[in-house]
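Below is one structure, written out as structure tokens; the observations come after it.
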Amino acid sequence: MWLVKPLALRCATANCSQSSSSRLLKVASRSLSYSKPNMGVTKEVIAAGDGVNFPKKGDTVTMHYTGTFESNGAKFDSSRDRGKPFVTKIGVGQVIKGWDEGVPTMSLGERAKLHITYDYAYGENGYPPIIPPRSGLVFDVELIKIN
């Protein structure tokens with residue numbers, strides 16, 4: 001739902017040079033281009049962890065994951081299928097932003113689905129040929145170890 005309050009758009013300074021309608025149009029278009037609901041990462045807990053030990057920025061974590069497309073559920077990658085957990089530093093830009101923000105909310109042993117919007121995943125361009133442009137992703141992640 002888009003909410004524009006024309007009364008709140010009146011010029012706040014004494015030397016307004018633009019007409020009210022052109023200011024309204026500029027503010028309305030700016031609002032429309034920045035008002036995107038549900039951007040980022042949301043977590044759906046599958047199995048609770050210990051609730052005590054959480055990774056911090058710069059920690060090395062060991063995880064199993066399966067990545068699927070939000071749009072159709074098709075799998076594109078899985079450490080489980082390879083039989084080898086994934087190891088990385090978290091919170092320092094070595095992985096997508098959705099993981100850097102989502103994994104630190106998980107406690108040791110937790111398994112969760114991280115629903116990640118395209119801007120927190122691989123962005124406008126995707127990661128050809130595996131990830132198409134503007135793809136929302138879902139990762140089923142299990143936090144095995146915090147080193």
Side-chain angles (χ1 to χ4, degrees), residues 1-13 18 22-147:
M1 176 194 250
W2 303 103
L3 298 176
V4 177
K5 297 181 180 180
L7 295 176
L9 300 177
R10 292 196 178 128
C11 187
T13 64
Q18 295 178 320
S22 84
R23 279 194 311 277
L24 175 61
L25 187 56
K26 276 187 175 181
V27 173
S29 67
R30 187 173 32 219
S31 297
L32 293 175
S33 65
Y34 290 107
S35 296
K36 285 186 127 179
N38 302 321
M39 298 303 280
V41 58
T42 56
K43 180 174 79 169
E44 174 188 346
V45 175
I46 297 169
D50 68 5
V52 175
N53 298 294
F54 293 85
K56 296 176 291 308
K57 184 177 181 176
D59 280 347
T60 298
V61 294
T62 302
M63 325 176 261
H64 261 308
Y65 71 89
T66 299
T68 58
F69 295 108
E70 182 82 54
S71 61
N72 62 13
K75 180 169 48 173
F76 60 84
D77 191 18
S78 176
S79 67
R80 291 180 180 97
D81 289 352
R82 288 189 295 278
K84 184 178 179 188
F86 179 69
V87 179
T88 190
K89 282 191 177 187
I90 204 69
V92 294
Q94 289 186 356
V95 291
I96 61 174
K97 187 175 182 179
W99 276 31
D100 270 348
E101 292 193 8
V103 172
T105 70
M106 298 175 66
S107 65
L108 187 61
E110 183 174 329
R111 185 170 177 178
K113 285 187 179 180
L114 300 178
H115 296 262
I116 303 173
T117 57
Y118 77 91
D119 57 322
Y120 275 58
Y122 294 96
E124 293 286 335
N125 299 321
Y127 189 74
I130 301 164
I131 310 292
R134 298 176 59 102
S135 292
L137 306 175
V138 178
F139 288 93
D140 177 336
V141 179
E142 180 181 4
L143 183 57
I144 299 169
K145 186 176 179 183
I146 303 169
N147 305 70

What I'd like to find out is whether the side chain of Val61 reaches to under 4.5 Å of the side chain of Met106, using heavy atoms alone. no
Apply side chain to side chain contact (heavy atoms under 4.5 Å, CB included) to the pair Thr68 and Lys75, showing each step before the final yes or no. CA-CA 4 Å; Thr68 58; Lys75 180 169 48 173; 4.2 Å; yes
When Val95, Thr60, Ile146 are each screened for side-chain contact (heavy atoms from CB on, under 4.5 Å) with Ile90, the one that passes is Val95
Working to the nearest 0.5 angstrom, can you tell me the gap between Thr62 OG1 and Lys84 NZ? 11.0 Å
Of Tyr118, Tyr122, Phe76, which meets ring pair (Phe, Tyr, Trp, His ring centres under 6.0 Å) against Phe69? Phe76
Would you mind reporting whether Asp100 and Val92 have side-chain heavy atoms less than 4.5 Å apart? no
Supply the atom-to-atom distance Glu142 CD to Tyr65 OH, rounded to the nearest 0.5 angstrom. 14.0 Å
So, are Lys97 and Asp119 salt-bridged, with charged N and O less than 4.0 Å apart? no
Ignoring hydrogens and geometry, is there a side-chain-to-backbone donor-acceptor pair from Lys43 to Thr105 under 3.5 Å? yes
Would you indicate whether the side-chain heavy atoms of Asp140 and Arg80 approach each other to under 4.5 Å? yes
Can you check whether Lys113's main-chain N or O pairs, donor with acceptor, with Glu44's side chain at less than 3.5 Å? no
Taking all non-hydrogen atoms of both residues, which atom of Val41 and which atom of Gly98 are closest, and how far apart? CG2-O, 3.7 Å
What is the minimum heavy-atom distance between Ala121 and Leu137, and which atoms define it? CB-CD1, 3.7 Å
Determine yes or no for a side-chain-to-main-chain donor-acceptor pair under 3.5 angstrom, with Thr117 supplying the side chain and Gly40 the backbone. yes
So do the side chains of Asp77 and Ile130 get within less than 4.5 Å of each other, counting heavy atoms only? no
Note, Ser79 side chain near His64 side chain (heavy atom, < 4.5 Å): yes
Any sub-3.5 Å donor-acceptor pair from Ser107's side-chain atoms to Gly51's backbone N or O? yes
If you apply the rule side chain to side chain contact (heavy atoms under 4.5 Å, CB included), what do you find for Trp99 with Ile116, and how did you get there? CA-CA 8 Å; Trp99 276 31; Ile116 303 173; 3.7 Å; yes
